[in-house]
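Written below as structure tokens is the structure these notes are about.
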Amino acid sequence: MQKKHFTISLFATFVVTFAIIACSDENPNTIPLDSSETSSSSNEENSSSSIKLPDPCPDSLICDTTYVDKKAYSFIYYSGPQKLDIVTASAADMSCFINENTFSCKLEESYRSTNSATNERIDKDYIAPPKIVIEADSLKHLKINIKRVDTTYINYGEQRLMDYIMPYIETPKLNVDELQAAMDTVTVEYHLLQYNEINSYYAGNAKYMSPYEFEEWTANGLPDWVHIDADSYTNWSGFCLDDLEYYCEDTYTTYYPSTLKQLKFQIYLMVSKPINDTTVTWTAYYKDLYGSRDSVEITTHFMMKQ
């Protein structure tokens with residue numbers, strides 16, 4: 001699965017249901033460091049999706065209310081040149097190290113799927129919605145769970161802890177000539193596995209290192225027998241079980257602040273029979289540290305080793 005980029009909308013100070021909503025703002029001036037408008041508009045947004053509780057409790061019901069206090073972190077950061085975004089997440093998903101003048105955070109988002117077409121977010125901070133419980137004496141109790149979220153606004157808003165914003169890091173321009181030269185030729189060699197010709201195979205690869213993240217599933221024009229292996233700025237871990245029923249769980253970890261890394265971009269093939277010499281012109285798609293996307297055309301000659 002390719003990397004996903006997540007920015008998350010503001011939590012209201014008190015919310016009944018917990019939802020994480022994608023939020024992105026094109027104009028940094030709309031995310032002021034000191035403004036009451038940010039929190040008030042967010043409260044309206046969250047309240048519209050909240051469960052409306054009976055107030056006062058209906059005469060026909062006995063309302064049993066449980067309050068659960070949760071914590072969340074929220075901060076702004078540069079997601080591109082002259083562009084600020086907000087990241088807000090529950091402390092169950094994001095941990096932050098905050099000192100006097102700087103801070104850093106680690107965001108972990110988990111998903112589960114019960115078939116190849118679904119990808120459901122795992123809510124680590126789940127609070128059950130209200131439900132009516134009928135007891136033995138036939139009295140109806142309405143069980144209400146209210147989550148109260150205490151959000152720490154790290155670097156924006158009236159209650160911010162500091163004015164520090166993680167700096168924007170410029171990604172060096174991709175050296176297209178070097179990339180095309182590295183991908184120019186793939187030499188396919190014969191491999192004999194444990195002296196067993198039945199398990200022999202033919203394999204070859206070409207690799208290039210850069211601070212750009214190449215997309216594994218979107219390359220256009222490569223033969224079916226050629227695959228891509230590429231590193232990502234977002235760390236991934238996961239597992240799948242396919243015993244009695246299909247189940248997969250994936251966790252994506254993003255670190256703030258982001259730092260430039262040398263990422264691997266590799267095309268490779270592993271086949272059971274020799275291939276014919278083939279020249280292919282294809283398109284690779286890549287993105288920088290902040291997800292800004294571009295493409296490059298590459299010509300690769302696949303040939304058997306003589």
Side-chain angles (χ1 to χ4, degrees), residues 1-9 11 17-24 49 68 70-73 79 85 87-96 105-129 145 147 193 199 201 203 205 207 212-256 258-259 261 263-272 282-293 295:
M1 181 177 294
Q2 61 184 1
K3 169 194 170 183
K4 297 180 180 178
H5 175 66
F6 302 94
T7 55
I8 307 170
S9 71
F11 283 85
T17 57
F18 179 65
I20 295 183
I21 307 169
C23 168
S24 175
S49 62
V68 181
K70 301 290 184 179
K71 291 181 63 67
Y73 295 101
S79 61
D85 273 346
V87 173
T88 301
S90 163
D93 293 315
M94 184 162 68
S95 58
C96 292
C105 295
K106 174 184 176 183
L107 174 63
E108 290 186 331
E109 295 175 302
S110 299
Y111 293 81
R112 68 166 64 91
S113 56
T114 53
N115 61 66
S116 57
T118 63
N119 199 27
E120 175 191 5
R121 176 68 186 269
I122 298 175
D123 187 355
K124 301 176 185 176
D125 226 351
Y126 176 75
I127 295 294
N145 295 291
K147 181 185 296 185
L193 186 62
N199 295 323
Y201 62 95
N205 70 86
K207 183 172 68 174
Y212 286 87
E213 177 181 329
F214 283 80
E215 300 175 3
E216 296 188 11
W217 311 112
T218 57
N220 184 26
L222 280 174
D224 293 341
W225 37 269
V226 179
H227 309 282
I228 290 177
D229 180 23
D231 293 336
S232 170
Y233 279 109
T234 298
N235 294 339
W236 170 88
S237 63
F239 65 90
C240 283
L241 301 175
D242 195 4
D243 190 7
L244 299 178
E245 59 183 23
Y246 179 91
Y247 178 86
C248 284
E249 187 170 313
D250 302 294
T251 299
Y252 299 90
T253 304
T254 304
Y255 293 91
Y256 300 92
S258 302
T259 56
K261 301 177 182 178
L263 303 180
K264 176 187 65 179
F265 170 44
Q266 176 181 245
I267 59 173
Y268 69 94
L269 64 99
M270 184 179 296
V271 293
S272 60
W282 53 287
T283 303
Y285 295 88
Y286 62 94
K287 47 195 173 184
D288 66 9
L289 181 63
Y290 301 98
S292 181
R293 195 166 180 260
S295 63

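- In this structure, the salt bridge (charged side-chain N to carboxylate O under 4.0 Å, His left out) partners of K106, at least two apart in sequence or on a different chain, are E108.
- Partners of K71 by side chain to side chain donor-acceptor pair (under 3.5 Å), not counting sequence neighbours: none found.
- Using a 4.5 Å heavy-atom threshold, the side chains of D229 and E216 count as touching.
- Using a 4.5 Å heavy-atom threshold, the side chains of T88 and Y73 count as separate.
- Looking at heavy atoms from C-beta onward, Y255 lies out of side-chain contact with C105 at the 4.5 angstrom threshold.
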Begin from the C-alpha positions of Y233 and K261 and carry the test side-chain contact (heavy atoms from CB on, under 4.5 Å) through to its verdict. CA-CA 8 Å; Y233 279 109; K261 301 177 182 178; 4.1 Å; yes
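- Checked by atom type, the side-chain pair Y247/E249 shows a donor-acceptor distance below 3.5 Å.
- With sequence neighbours left out, the side chain to side chain donor-acceptor pair (under 3.5 Å) criterion links S258 to no other residue.
- When all heavy atoms of S90 and D125 are compared, the closest pair comes out as OG-OD2, 2.6 Å.
- The NZ atom of K70 sits 6.0 Å away from the NZ atom of K147 when rounded to the nearest 0.5 Å.
- A distance of 7.0 Å separates OG in S295 from OH in Y286, rounded to the nearest 0.5 Å.
- To the nearest 0.5 Å, the span separating CG on D224 from CG on L269 amounts to 12.5 Å.
- Between S110 and K124 the shortest side-chain heavy-atom distance falls below 4.5 Å.
- For the pair E109/D250, no side-chain contact is recorded, criterion being any heavy-atom separation below 4.5 Å from C-beta on.
- When all heavy atoms of L289 and T259 are compared, the closest pair comes out as CD1-O, 3.8 Å.
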Any chance you could lay out the side-chain contact (heavy atoms from CB on, under 4.5 Å) test for Y212 and D288, step after step, and finish with the verdict? CA-CA 5 Å; Y212 286 87; D288 66 9; 3.7 Å; yes
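- Among all heavy-atom pairs drawn from A219 and L222, the shortest one is CB-CD1, 4.2 Å.
- When all heavy atoms of I267 and W282 are compared, the pair lying nearest together is CG2-CH2, 3.8 Å.
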Before giving the answer on side-chain contact (heavy atoms from CB on, under 4.5 Å), spell out for S292 and K287 the whole-Å C-alpha distance, their side-chain angles and the decisive distance to 0.1 Å. CA-CA 5 Å; S292 181; K287 47 195 173 184; 5.9 Å; no
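- Using a 4.5 Å heavy-atom cutoff, the side chains of F265 and K207 are not in contact.
- Taken to the nearest 0.5 Å, the CG atom of D231 stands 9.5 Å off from the CD atom of Q266.
- To the nearest 0.5 Å, atom OH of residue Y246 and atom OG1 of residue T114 are 9.0 Å apart.
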Run the numbers on T218 and R293 for side-chain contact (heavy atoms from CB on, under 4.5 Å), then give the verdict. CA-CA 12 Å; T218 57; R293 195 166 180 260; 4.0 Å; yes
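- Contact annotation: the side chain of Y268 never approaches that of V226 to less than 4.5 Å [non-hydrogen atoms, C-beta and beyond].
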Yes or no on side-chain hydrogen bond (donor to acceptor under 3.5 Å, both in side chains) for D85 and S79, after CA distance, side-chain angles and deciding distance? CA-CA 6 Å; D85 273 346; S79 61; 3.1 Å; yes
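- Using a 4.5 Å cut-off on side-chain heavy atoms (C-beta onward), N235 and Y252 make no contact.
- To the nearest 0.5 Å, atoms CH2 (W236) and OG1 (T253) are separated by 11.5 Å.
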